[in-house]
Amino acid sequence: MTGVETTLYEHVGGREALHRLVADWYPTVLADPLLHPLFGDGHPEHIDHLTAFLAEVFGGPTTYTDDLGGFPALLEAHRGKSIREDRRQRFIDLFLAAADRTGLPGDSRTRTALRDYLDFGTEVAVQNSHATADTDLHPCQEVPRWHG
Ligand code: HEM
């Protein structure tokens with residue numbers, strides 16, 4: 001967006017705010033009857049991995065790409081999961097609820113970016129989760145950078 005000086009990452013409160021959000025969201029995913037069958041009892045490292053991924057998407061440090069496997073790791077995580085639309089929507093709803101609970105800024109820059117990115121990112125995850133060949137994969141083949 002023209003004239004905006006800060007990255008989205010800085011604008012939303014940096015790693016601390018994103019970590020707070022993901023750490024609040026993850027237990028609600030594990031406790032959710034619709035999502036539990038997919039996530040099982042979870043993996044504690046998921047919180048740090050998703051935090052790093054979102055930080056990178058929003059213009060923060062590139063830790064996910066540099067140290068955590070980058071886009072190939074993300075692809076691998078969703079491969080074969082056959083994510084259904086109702087589960088995709090629940091994933092988003094729980095994320096937005098956690099954003100409210102943890103006090104992520106309520107301004108339109110933050111909320112528009114969050115909603116738009118979640119719509120996009122979950123579409124990518126869903127498509128890739130159904131792919132049986134590389135040609136079925138979503139065309140976005142890298143960690144996206146979301147400018148808002
Ligand atoms: C914005 C959309 C999404 C993003 C950014 C995202 C990101 C991630 C990341 C970073 C990981 C961990 C990979 C690693 O360990 O490096 C992961 C794993 C996973 N994701 Fe997603 N994801 C998205 C959407 C979804 C959706 C919609 C579902 C299902 C409803 C889903 C289900 C899973 C599952 C089941 C795992 C494995 C978790 C585990 O190891 O315990 N993801 N995702």
Side-chain angles (χ1 to χ4, degrees), residues 1 7-106 108-132 134 136-148:
M1 194 186 289
T7 61
L8 261 175
Y9 172 76
E10 291 165 312
H11 183 79
V12 304
R15 184 185 184 280
E16 197 187 310
L18 291 174
H19 191 269
R20 200 164 52 235
L21 165 59
V22 176
D24 184 89
W25 165 84
Y26 195 45
T28 68
V29 167
L30 300 182
D32 188 276
L34 195 55
L35 293 177
H36 183 79
L38 204 52
F39 284 84
D41 293 332
H43 296 108
E45 71 273 14
H46 189 52
I47 294 175
D48 281 344
H49 289 195
L50 186 53
T51 300
F53 186 85
L54 290 175
E56 187 165 334
V57 169
F58 287 168
T62 56
T63 312
Y64 192 79
T65 292
D66 298 339
D67 302 330
L68 296 173
F71 193 79
L74 185 78
L75 207 53
E76 199 46 46
H78 296 134
R79 190 181 292 278
K81 294 230 161 27
S82 299
I83 300 170
R84 296 192 324 232
E85 175 58 28
D86 56 345
R87 289 182 164 142
R88 179 183 86 90
Q89 194 55 56
R90 182 65 56 83
F91 178 105
I92 294 174
D93 292 346
L94 293 179
F95 214 90
L96 295 175
D100 288 340
R101 272 196 307 272
T102 58
L104 205 75
S108 65
R109 183 182 179 198
T110 302
R111 295 308 171 119
T112 302
L114 187 64
R115 283 171 188 276
D116 287 354
Y117 173 65
L118 286 173
D119 276 345
F120 174 80
T122 56
E123 289 291 352
V124 175
V126 167
Q127 181 166 342
N128 292 341
S129 80
H130 289 278
T132 53
D134 285 355
D136 301 334
L137 293 172
H138 192 281
C140 175
Q141 306 261 333
E142 58 187 12
V143 177
R145 286 298 184 128
W146 210 257
H147 301 284

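Along the sequence shown, the residues carry numbers beginning at 1. Order of listing sets the numbers, starting from 1, for every ligand and every atom in it. All values below were derived from every heavy atom in this structure, side-chain atoms included, with hydrogens, water molecules and symmetry-related copies excluded.
Considering each of His78, Glu45, Lys81, the one bringing a non-hydrogen atom nearest atom 37 (C) of ligand 1 is Lys81.
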Do Arg87 and Asp32 pass the salt bridge (Lys or Arg N to Asp or Glu O under 4.0 Å) test, and can you show the C-alpha distance, the side-chain angles, and the key distance before you say yes or no? CA-CA 10 Å; Arg87 289 182 164 142; Asp32 188 276; over 6 Å; no

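Residue His49 places at least one N or O, backbone or side chain, under 3.5 Å from an N or O of ligand 1. Of the polar atoms of Tyr64, at least one N or O is found under 3.5 Å from an N or O of ligand 1, judged by distance alone. At least one N/O-N/O distance between His43 and ligand 1 falls below 3.5 Å. For His46, no nitrogen or oxygen atom sits less than 3.5 Å from a nitrogen or oxygen atom of ligand 1, counting backbone and side chain alike.
For Thr122, heavy-atom contacts with ligand 1 shorter than 4.0 Å involve the backbone as well as the side chain. Counting heavy atoms under 4.0 Å from ligand 1, residue Val126 does not touch it at all. Residue-level proximity to ligand 1 for Tyr26 is carried by the side chain, the only part with a heavy atom below 4.0 angstrom.
For ligand 1 and Leu74, the ligand atoms under 4.0 Å from any heavy atom of the residue are 7 (C), 8 (C), 9 (C), 10 (C). Close contacts of ligand 1 with Ile83, meaning ligand atoms under 4.0 Å from a residue heavy atom, involve 26 (C), 28 (C), 29 (C), 30 (C), 31 (C). Proximity to Ala125 (heavy-atom distance under 4.0 Å) selects the following atoms of ligand 1: 24 (C), 25 (C). Per-residue contacts place Gly121 under 4.0 angstrom from the following atoms of ligand 1 (heavy atoms of the residue considered): 1 (C), 2 (C). Of all atoms in ligand 1, numbered sequentially from 1 with element shown, those under 4.0 Å from a heavy atom of Leu38 are 29 (C), 30 (C), 35 (C).
The aromatic rings of Phe39 and His46 sit tilted, their planes meeting at an angle between 30° and 60°. Under the 30°/60° scheme for interplanar angles, the aromatic rings of Phe91 and Phe95 are found to lie parallel. Between Phe53 and Tyr117, the ring planes lie tilted relative to each other; the angle falls in the 30° to 60° range.
Protein heavy atom at the shortest distance from atom 32 (C) of ligand 1 is Phe39 CZ, 3.2 Å.
Checked by atom type, the side-chain pair Thr112/Asp116 shows no donor-acceptor distance below 3.5 Å. No side-chain donor from either of Thr28 and Asp24 sits under 3.5 Å from a side-chain acceptor of the other.
Contact between Tyr9 and Gly59 at its shortest, heavy atoms only, is CB-C, 4.0 Å.
In this structure, Phe120 has no heavy atom closer than 4.0 Å to ligand 1. Ligand 1 is approached by Tyr117 to a heavy-atom distance shorter than 4.0 Å.
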